[in-house]
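Below you'll find the structure, written out as structure tokens, and then a few comments.
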Amino acid sequence: MVLKLETPDVYFVTATQALTWITDPKPVNVLHNFDGWSCNNNNNLPGPSCNNANKCALDFKPAEANFTATRYMETCRECPNRYPWLGDAKGTGLYNDNYIPERK
């Protein structure tokens, strides 16, 4: 759902819609036609919920830390190898696997 307020450059968007814009930013003057924020875009619909989520106890070690801790998460998919974090968004254990758009 996108709700345009009285201010022409203020939008109320879902977290998914915000992430869509972050990975493919557009200037303010074209946001009224931005497909990622379209109410007709079926990609913005949440998937079905799962009734039996996997409970994952995962190793977590921030890059700047010298210790490893355990973090817990629930997911409807298989548990990742590591706790997803900055630089390892998919939890693969391979750093720098994040999507990084080209800079122009």
For the atom pair CZ (F60) and OG1 (T70), what is the distance rounded to the nearest 0.5 Å? 11.0 Å
For the student: nearest non-hydrogen atoms of N54 and C79, plus distance: CB-SG, 4.0 Å
Other residues, nucleotides and ligands only: do more than 12 of their heavy atoms fall within 6.0 Å of CD on E78? no
Shortest non-hydrogen contact from Y83 to R71? CD1-CB, 3.5 Å
Given 3.5 Å as the limit, does a donor-acceptor pair link the side chain of N81 with the main chain of G91, or not? no
Would you name the heavy atoms of T23 and P25 that are closest together and state the gap between them? C-CD, 3.7 Å
Give the intermediate values and the outcome of side-chain contact (heavy atoms from CB on, under 4.5 Å) for residues R82 and L58. CA-CA 5 Å; R82 294 187 165 276; L58 303 165; 5.7 Å; no
